[in-house]
Amino acid sequence: MDKLSHIEGSIVAIPVNDIDTDQIIPARFLKVTDKAGLGKAAFCDWRYLEDGETPNPKFILNNAAYQEASVLVAGDNFGCGSSREHAPWALMGAGFKAVISTDFADIFRNNALKNGLLPIIVDRDTQQQLFSLAEEDPSTSVRVDVEAQTLTLPDGRAVDFPLDGFSKYCLLNGVDQLGYLLALDEETQRFEARNPQRVVTTA
Amino acid sequence: MTANGNPRTLFEKIWGAHTVRDQSDDTPAVLYIDLHLVHEVTSPQAFSTLRERGLAVRRPDLTIGTMDHSTPTTPRNELGIIPVADALAAKQLDVFSKNCDDYGIPMYALGGEHQGIVHVIGPEKGLTQPGMTIVCGDSHTSTHGAFGALAFGIGTSEVGHVLATQTLLQNKPKTMAVNVEGRLGDGVTAKDIILAIIAKIGIGGGTGHVFEYRGEAIRGLSMEGRMTVCNMSIEGGARAGMVAPDDSAFEYISGRRHAPSGADWDAAVKRWRELPTDDGAIFDQEITIRADELSPMITYGTNPGMGMPISAAVPMPDDEADYNKKTALEKALNYMELAPGQKLLGKTIDVVFIGSCTNSRISDLRQAADFLRGRKVADGVRMMVVPGSQPVKRQAESEGLDEIFRAAGAEWREAGCSMCIAMNGDQLQPGQYAVSTSNRNFEGRQGKGGRTFLASPLTAVASAIAGVVADPRAMMSSTL
Ligand code: SF4
C-alpha cells in the first residue's frame with residue numbers, strides 16, 4: 001500500500017443515498033482473479049447506456065468537467081451490501097482517493113482503508129454544502145490532511161473527521177495490516193495452545 | 001457464567017474467548033478465527049498475496065472451500081458434469097481449485113457430493129457450532145450466527161489475513177438486542193420477521209452493531225428459520241446476527257459430519273449451555289417488534305429496507321420530510337416503475353426465484369412444494385427453484401419435491417447462488433419483475449434492469465400460481 005498523508009483534489013457528487021456495492025461494481029465483473037482493470041466498470045450500470053459501452057451523457061462521471069475529480073461526495077450510508085473488495089479497487093481504478101459521506105457501511109469502510117482509499121465521514125450540513133459546491137463549480141477542490149484528520153473546504157473551513165489510530169498509522173506509513181498480524185505469530189501460537197479444541201475441516 | 005461477576009452477552013462471551021490480543025488505544029483487538037469459509041469469487045487476490053510474499057496457509061484444517069457464486073445451475077451432461085460455459089467463470093473456478101490444492105484446503109467442487117452455497121454447507125456439515133468465530137469473504141456469513149456463533153463477512157485483504165495468520169484485526173462492535181415477541185400467524189414466516197425488522201430500522205440501522213435476536217418468536221423458529229433471520233442481518237447494516245444456542249441448535253448439529261460425538265458431544269453441549277446472554281447483561285441498543293402483528297412482507301424499492309406488509313401501498317415520496325430520503329424513494333420508484341401509493345398486490349410478475357442462502361434449505365423447499373402441490377405456475381411466469389446445496393437437492397429429490405416443482409411447471413436446477421447474484425447466466429431481463437426469496441433488491445442485482453420484490457417462499461409460490469403479487473394467506477385458507 002502507498003503512503004497517504006494528504007489529498008488535494010476536485011470533487012464530484014453523486015447525491016444518492018445508500019449507494020450499494022452492486023452499483024459501485026456489478027457482480028458480473030467479479031469473475032476476475034486480479035485487481036486490475038476494474039476502474040472502467042465502476043458504476044457501470046449508471047455510467048453506460050443499455051449496450052454497456054456508450055457513456056450515458058446524463059451521468060455525472062461522464063461530464064467532461066469532472067474528469068479530474070479524485071474525491072467523491074455521496075449520499076448517506078455509502079457502500080452498503082456485499083463484502084466485495086472489488087468496490088474500493090474499482091473506485092481507486094476510476095481515480096478516486098477519498099469518498100465523503102455521512103456514514104459508511106462497516107465492511108466497505110474496512111476494505112477501503114486497507115487499500116488506501118479514505119472514507120471521510122462528515123455531518124449532513126457539510127455533505128449538503130459539498131453537493132452544492134460540486135454542482136455549481138466543477139473545479140471546486142478540497143484538501144485532506146490525514147495526520148490532522150481534517151477536510152478543508154474551499155472557504156477555508158476545516159472539518160474534523162474520525163479515523164481510528166491504527167488505520168491512520170497504516171495509511172501514513174504505507175503499512176498493511178498483514179505484517180502486523182504475522183509479527184504476532186508467537187502470541188497466536190500461545191492462544192492455540194491454550195484453546196486446543198477446534199472443529200477440523202480436514203477430518 | 002460471568003467474568004468478574006459481570007453479566008455478559010452471548011457476543012461478549014465469544015469475543016472474550018477469542019481475543020489473542022486485547023484492543024488498545026492504538027490497535028484494534030486481534031481475534032482468533034475458528035472457521036474460515038472460502039469461495040471462488042473473493043479469494044483469488046488473497047491467494048495471490050500469499051504467493052507474492054511466500055506465505056503458507058496457517059491452518060488449512062480450519063478452512064473449507066466451496067464453489068457457489070459463479071457456478072452454473074444448468075443440468076449435467078451425459079458424463080454427469082455441469083459444464084461451465086462462461087470462460088471467465090471457468091478460469092476463476094480453475095484458479096480456486098488450484099489454490100485449494102496447493103495450500104491443502106479441503107474443497108467441495110462444482111457438482112460434487114457436498115458442494116453448495118457457502119452458508120448452507122457450513123451448518124449442513126456440522127462445521128458451524130455454537131461459540132465459534134466464523135468468517136468468509138461474503139457478507140451473508142451472518143447466517144451462521146443462528147447457532148450462537150460470531151460470524152461475519154470480511155473483504156479479500158482480510159481473507160488473506162486469516163489464511164496467513166488465522167487472526168483478524170477488529171474493533172469491538174456494539175450490541176443490539178432485537179426482541180421479537182409473540183407468535184407468528186399462519187402464512188407469516190422467518191423471512192417476514194427479518195424483512196419487517198429491516199423495514200423498521202433501515203438498511204443502515206445496525207451499522208457498527210452485532211444483533212442478538214431474542215424473544216418468543218425467535219425461540220419458536222426452526223434452525224433453518226433462525227438462519228433466514230440471521231442471514232439478512234447485513235441488510236440491516238449489522239455485520240453479524242446471533243441467536244442463543246438451545247436444544248433446537250444442539251439437535252440440528254447432532255450426528256452431522258463434523259459434530260462431536262460420545263463424551264466429546266456431552267462436553268461440547270455443557271460448554272454451549274454457558275453461552276446464552278446472562279440475565280441483566282446490557283446491550284448498547286434494544287428494539288422490539290411483535291410477531292403477532294406481522295403480515296407477509298414484500299419490498300417495493302431498491303434496497304431491502306424499502307419493505308412493507310404485502311397489502312400496503314407503496315409510500316409517497318411527498319410524505320417524506322427528509323430530502324435525501326425523499327429523493328432516494330423517488331429514484332427507487334422510478335427504477336421499479338411503480339407509482340406512489342400503488343398497491344403491489346395484483347401486480348403482474350415475470351419470474352419467481354426460490355433459492356439463495358436466505359431461503360434454499362430443505363424446509364424452504366418443503367414449504368414451497370407443499371403449497372405448490374397440485375397447482376400450476378401461471379402462464380407467462382418463469383419459476384426457478386435452486387437448492388442451496390447438493391445434499392439439499394438429493395434430499396428434496398428423495399422426497400419427490402422435484403417432481404412437484406416440475407409438474408407445476410417450475411425449473412428444478414443444480415445447487416448454487418444462481419439468480420441471487422446473477423453471475424452465472426441465471427438472471428432477469430431488463431424490465432422484468434421478479435418475486436425472489438433472496439436477500440437483495442438493489443438495482444440490477446438479479447440482472448441488469450431487472451426488478452426484484454423480496455419475499456418469503458410462501459409469498460413467492462402464491463405469486464407464481466397467481467401470476468401476480470399475491471398474499472399466501474388468501475390461497476392457504478382456501479385449502480385449509
Ligand atoms: S446466495 Fe446470494 S447472498 Fe448468499 S452467498 Fe450466494 S450470492 Fe451471496
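Naming convention: chains lettered A, B, ... in sequence-line order (proteins, then strands); numbering from 1 in each chain. All of these numbers come straight from a predicted model, not from anything done at the bench.
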Point to revise | Salt-bridge present (A:K31, B:E40; N to O < 4.0 Å) | key: no
Review point. What part of A:V16 lies closer than 4.5 angstrom to a heavy atom of chain B: side chain, backbone, both or neither?
Key: side chain
Point to revise | Region of B:R440 in contact with chain A, defined by heavy-atom distances below 4.5 Å | key: side chain
Point to revise | Segment of B:D264 engaging chain A (4.5 angstrom heavy-atom cut-off) | key: neither
Check your understanding: So which part of A:F191 gets closer than 4.5 Å to some heavy atom of chain B, the side chain, the backbone, both or neither?
Key -> side chain
Practice item. Counting only heavy atoms closer than 4.5 Å, note whether B:D322 contacts chain A via side chain, backbone, both or neither. Key: side chain
Exercise for review: Against chain B, label A:Y180 side chain, backbone, both or neither, depending on which of its atoms sit under 4.5 Å from a heavy atom there.
Suggested key: side chain
Point to revise | Polar side chain donor-acceptor pair, A:W46 to B:E443, under 3.5 angstrom | key: yes
Check your understanding: Are B:R239 and A:D106 within salt-bridge range, i.e. N to O under 4.0 Å?
Key -> no
Exercise for review: Report yes if the side chains of B:L62 and A:T201 come closer than 4.5 Å at any heavy-atom pair, otherwise no.
Suggested key: no
Point to revise | Euclidean distance, B:E158 CD relative to A:K114 NZ, rounded to 0.5 Å | key: 3.5 Å
Point to revise | Contact residues of residues 136-153 of chain A (partner chain B; heavy-atom separation under 4.5 angstrom) | key: none
**Study point:** Residue part contacting chain B, namely of A:D34, when any heavy atom lies under 4.5 Å
**Key:** backbone
Practice item. Measure the shortest side-chain to side-chain distance between B:Y32 and A:N195 over non-hydrogen atoms and say whether it is less than 4.5 angstrom. Key: no
Check your understanding: Does A:V199 offer a backbone N or O that forms a donor-acceptor pair with the side chain of B:H258 under 3.5 Å?
Key -> no
